[in-house]
Amino acid sequence: MEKNFRNSDFLHVGNKLLAWYKENARDLPFRKTKDPYKIWICEIVFQQTRINQGLNHYNNFIKRFPDVKTLAEAEENEVLLYWKGLGYYSRAINIHKAAQQIMTGHNGAFPAQYEDILQLKGIGKYTAAAVSSICFGGKMPAVDGNFYRVLSRVFADDFDVSNSRAFTYFSELAALIMPDNVGDFNQAMMDLGSEICKPKNPLCDECPLEDDCLAFSLDKVSDFPVKTKKVKTEDLHLKYYFVHHNGQFVVQQRKDDFIWKKLFEFPVSIPEEMEEFIKGLKTVHHKLTHKNLTIDIYNVEVTSDTVWNDFIIKNEYLITDFNGSQDKSFPKPLETYIQNSLKD
DNA sequence: AACGCGGGGAA
DNA sequence: TTCCCAGCGTT
């Protein structure tokens, strides 16, 4: 793009956006508060997550963990239970650690300064800017996917949003139109990007920035944003054994690497002498963003107390039953498998 | 600077 | 199918 295009005053664009937001802001639960704890939680929940998908999780989470102290004192596994089904489970692990950071490092009071907020686990430049601007009058733009899309269209800017310098680049672009009320501006950009300036089929005739949008005037809205990085998926084959005995079954907890960090799963192998108890196999297909999973689940009904006890003791496995499984967080496909087994 | 990490909805 | 979503931590 021509650099001289950016040398004029674009503040009126931001002011139009604010006026639009005043009339068209979405009615969301976390819009009624400036409690930094609640804003923080909502920012984490809705990272890479659509509002409708995470709304129930957010409400349940706030109800169970209403403040920093309650969250900090909870068990990690219970925090993960409330994150069940949301994905990106390191968010739950980090949110719990950050609560403890706030207790020990800030006497339980959420830090007000951008630099201090940025030090918390799981909080990056986007979230620090969002919380500080919405709750404490901070002046940093909360640059996210909506900013990339709206700004690249308004300025018809072909800067590649998959470039690692995109955050800095679009932060500078945002500063051109950013009014004094940065908290509302940040939220307005989110609502405009979500409701009007959508990735596909944007509602340009309803957009308050239609007269200011260079891409629209060039009839090239669909050319922006430019994104070169392509989504690549790979196939992955997993195998589990659903080992059960007298209504109980064997579970173990995953490590905090790879997928489904610290969630519970079935054992991935059984001793040879147990193979005679295999009743059948169910293959489950599950799609992740970057993986197509094929999961073979062997149904192993152990009818020998000796074999069962040896297996548990030798491997130090955890045992649960169908009721107890509700207190644990399982990966989606395994959760579905357990629920279906309950019906049989 | 590049990559891995979930799950669901829209087109 | 493919893309995208109130991104972040690790390497």
Side-chain angles (χ1 to χ4, degrees), chain A residues 25-26 28-31 38-58 80 83-95 97-98 117-135 140-150 160-168 170-171 183 185-195 197-202 222 225 227-234 236 254-263 285-293 329-336:
Chain A
R26 287 178 288 181
L28 300 168
F30 41 87
R31 284 278 167 73
K38 292 192 177 71
I39 299 299
W40 167 44
I41 300 300
C42 96
E43 293 302 340
I44 303 297
V45 166
F46 294 109
Q47 282 171 11
Q48 301 294 289
T49 304
R50 293 173 191 281
I51 297 298
N52 284 337
Q53 185 182 350
L55 213 43
N56 286 335
H57 282 86
Y58 169 78
L80 279 165
W83 214 263
K84 176 164 66 175
L86 257 188
Y88 286 162
Y89 296 97
S90 56
R91 290 185 295 178
I93 297 165
N94 285 333
I95 219 172
K97 288 178 181 168
I117 299 173
L118 194 55
Q119 298 304 314
L120 300 173
K121 293 287 185 191
I123 293 190
K125 287 180 290 189
Y126 161 78
T127 304
V131 176
S132 68
S133 67
I134 294 170
C135 305
M140 305 286 281
V143 178
D144 68 340
N146 293 303
F147 273 64
Y148 291 165
R149 191 167 56 256
V150 172
D160 183 1
V161 297
S162 49
N163 186 309
S164 56
R165 296 201 309 277
F167 186 92
T168 301
F170 285 101
S171 294
F185 170 73
N186 284 334
Q187 298 183 86
M189 288 287 279
M190 298 178 207
D191 278 15
L192 188 79
S194 167
E195 305 294 296
C197 197
K198 300 185 293 182
K200 304 279 175 63
N201 304 328
S222 60
K227 186 176 189 178
T228 60
K229 202 172 78 178
K230 37 252 170 210
V231 185
K232 199 175 81 173
T233 62
E234 62 174 5
L236 188 63
R254 295 184 65 85
K255 309 280 191 226
D256 62 355
D257 60 353
F258 199 41
I259 54 174
W260 300 325
K261 298 183 206 310
K262 296 193 176 180
L263 266 57
H285 297 282
H286 188 74
K287 296 167 72 67
L288 275 59
T289 299
H290 298 284
K291 292 182 181 63
N292 290 325
L293 301 184
S329 185
F330 287 93
K332 193 72 178 181
L334 298 190
E335 170 122 29
T336 304

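Sequence lines set the chain letters: A, B, ... in the order given, protein chains first and strands last, and positions in each chain run from 1. What you are looking at is a predicted structure, and each value in this text was computed from that prediction instead of being measured.
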**Message:** In whole Å, I'd like the distance from the CH2 atom of A:Trp260 to the P atom of B:dC5.
**Reply:** 11 Å
**Fill in**
To the nearest angstrom, the NE2-P distance between A:His57 and B:dG8 comes to 9 Å
**Prompt:** Is there a side-chain contact between A:Thr49 and A:His57 (heavy atoms, below 4.5 Å)?
**Reply:** no
**Pair of N/O donor and acceptor under 3.5 Å linking B:dG9 base with A:Gln53 side chain** = no
**Message:** Any non-hydrogen side-chain atom of A:Lys121 less than 4.5 Å from a side-chain atom of A:Ile93?
**Reply:** no
**Message:** On DNA chain C, does the nearest nucleotide to A:Lys121 precede the nearest nucleotide to A:Ile39 from the 5' side, or the other way round? Give the residue.
**Reply:** A:Ile39
**Prompt:** Of A:His286 and A:Lys198, whose nearest nucleotide on DNA chain B comes first from the 5' end?
**Reply:** A:His286
**Asked** What is the distance from CZ of A:Arg91 to P of B:dG4, rounded to the nearest Å?
**Response** 19 Å
**Given DNA chain B, 5'-ward residue of the pair A:Ser164 and A:Lys332, judged by closest heavy atom** = A:Ser164
**Asked** Could a donor-acceptor pair under 3.5 angstrom be found where the side chain of A:Arg50 meets the base of C:dC4?
**Response** yes
**Message:** For a quick check, tell me whether the side chain of A:Thr289 and the base of B:dG7 share a donor-acceptor pair closer than 3.5 Å.
**Reply:** yes
**Prompt:** How many Å lie between NZ on A:Lys84 and C1' on B:dG8, as a whole number?
**Reply:** 17 Å
**Request:** Could you give the distance separating B:dA10 and C:dA6 at their P atoms, to the nearest angstrom?
**Result:** 13 Å
**Asked** Nearest-Å distance, CG (A:Leu288) to P (C:dC4)?
**Response** 18 Å
**Message:** Over all strands shown, is A:Phe30 touching base, sugar-phosphate only, or nothing at heavy-atom distances under 4.0 angstrom?
**Reply:** base
**Presence of A:Lys232 side-chain N/O under 4.0 Å of C:dT2 phosphate oxygens OP1/OP2** = no
**Asked** What is the distance from CH2 of A:Trp40 to C1' of C:dC8, rounded to the nearest Å?
**Response** 14 Å
**Prompt:** With a non-hydrogen cut-off below 4.0 angstrom, is A:Gly85 in contact with a base, only sugar-phosphate, or nothing?
**Reply:** sugar-phosphate
**Request:** Would you check if A:Pro29 and A:Leu55 make a side-chain contact, meaning some heavy-atom pair closer than 4.5 Å?
**Result:** yes
**Asked** In whole angstrom, what separates A:Arg149's CZ from C:dG7's P?
**Response** 10 Å
**Nucleotide nearest A:Ile259 (side chain, heavy atoms from C-beta), chosen from B:dC5, B:dG7, C:dC5** = B:dC5
**Which residue lies more 5' along DNA chain C, comparing A:Asp144 with A:Leu120 via nearest heavy atoms** = A:Asp144
**Asked** A:Tyr148 side chain N/O closer than 4.0 Å to the phosphate oxygens (OP1, OP2) of C:dC5?
**Response** no
**Request:** Give the rounded distance in Å between these two atoms: CG of A:Leu334 and P of B:dG6.
**Result:** 13 Å
**Request:** Would you classify A:Asn94 as touching base, sugar-phosphate or nothing, given that sugar-phosphate means primed atoms plus P, OP1 and OP2, and contacts are heavy atoms under 4.0 Å?
**Result:** sugar-phosphate
**Request:** Using a 4.5 Å cut-off on heavy atoms from C-beta on, say whether the side chain of A:Trp83 contacts that of A:Leu263.
**Result:** no
**Message:** So A:Lys262 and A:Tyr89, do their side chains get closer than 4.5 Å, heavy atoms only?
**Reply:** no
**Message:** Taking the minimum atom-to-atom distance to the side chain of A:Asn201, which one of B:dC5, B:dG7, B:dA11 wins?
**Reply:** B:dA11
**Asked** Should A:Lys227 be listed as having a side-chain N or O under 4.0 Å from OP1 or OP2 of C:dC4?
**Response** yes
**Prompt:** Between A:Phe46 and A:Phe30, how do the two ring planes meet: parallel, tilted or perpendicular, split at 30° and 60°?
**Reply:** tilted
**Request:** Determine the contact category for A:Asn163: base if any of its heavy atoms lies under 4.0 Å from a base atom, sugar-phosphate if only primed atoms, P, OP1 or OP2 are that close, otherwise nothing.
**Result:** nothing
**Message:** If you compare every side-chain N and O of A:His290 against the phosphate oxygens of B:dC3 (OP1, OP2), does one of them come in below 4.0 Å?
**Reply:** no
**Request:** Provide the distance between the two P atoms, one in B:dG6 and one in C:dT11, to the nearest whole Å.
**Result:** 15 Å
**Prompt:** Is A:Ile123 touching bases, backbone alone, or none of the nucleic acid, heavy atoms closer than 4.0 Å?
**Reply:** sugar-phosphate
**Message:** Between A:Gln47 and C:dA6, is there a contact of a side-chain N or O with OP1 or OP2 at under 4.0 Å?
**Reply:** no
**Prompt:** Is A:Thr127 side chain donor-acceptor paired with the C:dG7 base, going by distance under 3.5 Å alone?
**Reply:** no
**Message:** Does A:Thr49 contact B:dG8 through a side-chain donor or acceptor facing the base, at a distance under 3.5 Å?
**Reply:** no
**Request:** Select base, sugar-phosphate, or nothing to describe what A:Tyr89 touches, counting heavy atoms under 4.0 Å on all strands.
**Result:** sugar-phosphate
**Request:** Answer yes if the side chains of A:Gln48 and A:Thr289 hold a donor-acceptor pair under 3.5 Å, and no otherwise.
**Result:** no
**Complete:** Of C:dC3, C:dC5, C:dA6, the nucleotide closest to the side chain of A:Val231 is C:dC3
